[in-house]
Structures are given as C-alpha cells and as structure tokens.
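Take a look at the structure set out below.
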Amino acid sequence: MKVRKLVIPVAGLGTRFLPVTKAVPKAMMPILDKPVIQYTLESAIKSGITDVCIILNHNQDLIKDYFSHNLELERKLIEEGKSKVLDSLNYIIDNLNITYIYQEEPLGSGHAIMLAKDFVGKEPFMVMYGDGFFLGKYPICMDLQKAYTMYDANIIGASEVELQEVNKYGMLILDEHDSDRILGVVEKPSLRETPSLLASNGTYILKPSIFKELEKIKKTGGEYLFTDALFRLMRKEEFYVGRTDNTFYDIGNMNGYLKANNAAYKFLK
Ligand code: UTP
C-alpha cells in the first residue's frame with residue numbers, strides 16, 4: 001500500500017543559521033531558484049503523496065503565502081507570455097492538499113510532529129524535515145515508499161556516507177542475518193566504532209503507533225525529541241532501512257547550505 005500522507009515540521013527557530021532565519025524560515029532558504037521545501041514537495045508528489053501537513057510557527061506565514069495562487073501575478077505573467085516561470089510552483093499548489101498547523105512554542109521536533117496526530121489518523125505516514133535537501137537518481141520519497149511496500153513496517157531513510165563522516169550522523173545498527181532490518185541507531189559514533197556506513201537521513205515512514213510513544217517521551221535538553229519516541233518504538237516494532245542513493249544535505253548550517261547549492265548547480269543545471 002502506498003503512503004498518502006506526509007508531515008513536515010518546520011517550526012524550529014533555526015538558531016544555527018541566524019540572523020537570516022529571524023525573517024526567512026529554514027525551509028524557505030533557496031537552493032538555486034526554489035525554496036528547499038519545494039524540492040521535498042516535488043519528491044512527495046512523484047511518490048504518490050496527496051496530503052501534506054506542515055507544522056510551522058507564527059513567524060512563518062510566508063510559507064503559506066508561497067504555496068497559494070497569486071492571481072494578479074499570474075495574470076500579469078500570462079499577458080507577458082511568461083507564465084511558465086511559475087509552472088513548478090503551481091504544480092505543487094494544484095496537486096497537494098496542504099494543511100497548516102501552528103506550533104505555539106518551539107518545544108522540539110517530537111512536540112511538533114505530535115501536533116499532526118489528528119491529520120494522520122490511523123494510516124502510516126511519511127516524515128521529512130524542513131531543512132533536508134536530497135539529490136539522487138530517484139526522488140527520495142519514492143525510495144521510502146518502495147521500502148514500505150516491501151516490508152509493511154516502520155522505515156528509516158538512510159544514505160551511505162564516507163567513513164570520515166560517520167561521527168556527524170546517527171548510524172544504523174543492522175541485523176547480521178537481514179541487512180535491511182534495523183536493530184538500533186548509534187548517535188555520532190567514532191570512526192572505529194561505527195556499526196555501518198548507513199546514516200539516518202531524517203526521513204521516515206511510520207505506523208501511527210508512534211503517537212503513543214510521542215505521548216510518553218520526556219524533555220531532553222529542554223525539548224521533546226522525535227528520536228526519543230523512535231527509539232521507544234524500536235523496542236516494540238520492526239524497523240527497516242529505506243535505502244536510497246540520494247546524497248543528503250542538512251541546509252540548517254552554512255556549510256551544508258553551500259554544499260547543497262553547489263551540488264544542485266552541478267546536478268540540476
Ligand atoms: P532542528 O533541530 O534541525 O531545527 O530540527 P532547529 O531547532 O530549527 O535548528 P537549530 O538547531 O535551532 O539551528 C529538525 C526539524 O524539526 C523542526 C525544525 O524546523 C526542523 O525542520 N522543529 C524543531 C520544529 O518544527 N519544532 C521545534 O520545536 C523544533
């Protein structure tokens with residue numbers, strides 16, 4: 001069965017990328033000529049997602065404005081024969097039902113995703129972060145859907161990284177008898193101790209049972225972390241790898257942002 005729903009929490013303060021994130025949400029930072037979240041939504045549509053819930057804060061209404069038709073602008077562009085410039089954006093507006101939910105306080109990614117409980121209902125759903133950017137042969141969301149169709153279980157999207165990079169990511173511990181089955185995640189291991197070269201890339205397909213775990217988690221470092229709920233669910237339910245050849249970029253810091261733009265320029269232009 002294909003997953004239809006996607007939750008994207010974007011309500012964080014983006015402190016690693018201040019001052020620009022005071023005015024521009026991380027999800028709206030441009031990669032070439034489009035905001036990063038637009039690539040995520042394009043990938044989602046191609047994979048069969050129809051309904052998206054964006055969790056945002058009250059300073060981020062420009063996300064809502066961006067994903068709405070601007071009839072005056074569109075009329076003007078048609079008159080000037082330039083209507084094509086908005087095609088990629090209108091494709092999203094016309095093909096996705098987007099619901100917006102406000103997170104009143106930045107209480108963490110777990111708290112933000114919890115707000116989508118009613119939106120999700122009883123179905124499996126996809127989660128992508130607002131600051132993730134992916135480049136690869138197939139849309140990242142398609143790779144996740146493929147793994148879900150195969151295993152009908154919780155999926156963690158994972159990209160292979162170089163050995164020198166493992167100390168930056170959550171690295172997957174895999175079952176030695178079934179290399180797609182995830183037994184756990186080690187946060188930022190040393191090069192010698194890493195259990196694999198597969199890094200969790202911040203994309204998931206989850207059963208709605210994650211919400212029971214989200215209800216139980218306590219604050220870590222002042223925030224309700226989504227990964228704390230994931231680790232709890234991992235003790236009860238099966239998790240499999242959503243393998244992808246996509247390289248992922250965390251655009252939430254300047255280094256990742258510049259790398260993403262350079263790679264996108266080479267790959268897409
Ligand atoms: P991050 O920790 O990467 O984002 O959260 P952040 O908190 O905005 O960044 P820094 O550390 O201050 O620079 C992962 C995802 O969860 C969202 C973020 O917007 C990001 O997409 N998030 C985080 C929320 O929606 N709400 C929160 O309270 C925290």
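Start at 1 and go down the list; that is how both ligands and their atoms are numbered. Note that the structure is predicted; figures quoted are calculated from it, not measured.
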Handout entry: Under 4.0 Å from ligand 1 - residues by heavy atom, chain and number
Key =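 Around ligand 1, where the cutoff is 4.0 Å for heavy atoms, the contacting residues are Pro9, Val10, Ala11, Gly12, Leu13, Gly14, Thr15, Arg16, Lys26, Gln103, Pro106, Leu107, Gly108, Ser109, Ala112, Tyr129, Gly130, Asp131.
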Problem - Asp152 and Lys207 ion-paired at < 4.0 Å - result: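 Salt bridge between Asp152 and Lys207, a charged N being under 4.0 Å from a carboxylate O: yes.
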Establish, yes or no, whether a centroid distance under 6.0 Å links the rings of [X] and [Y].
| X | Y | value |
| --- | --- | --- |
| Phe231 | Phe239 | no |
| Tyr100 | Phe67 | no |
| Tyr204 | Phe226 | yes |

Handout entry: Pairing residues for Val36 by the side chain to side chain contact (heavy atoms under 4.5 Å, CB included) criterion, not counting sequence neighbours
Key =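 Val36 satisfies side chain to side chain contact (heavy atoms under 4.5 Å, CB included) with Ile31, Phe133, Ile251 once adjacent residues are dropped.
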Problem - Distance (rounded to the nearest 0.5 Å) between Asp143 CG and Thr203 OG1 - result: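 Rounded to the nearest 0.5 Å, the CG-OG1 separation comes to 9.0 Å.
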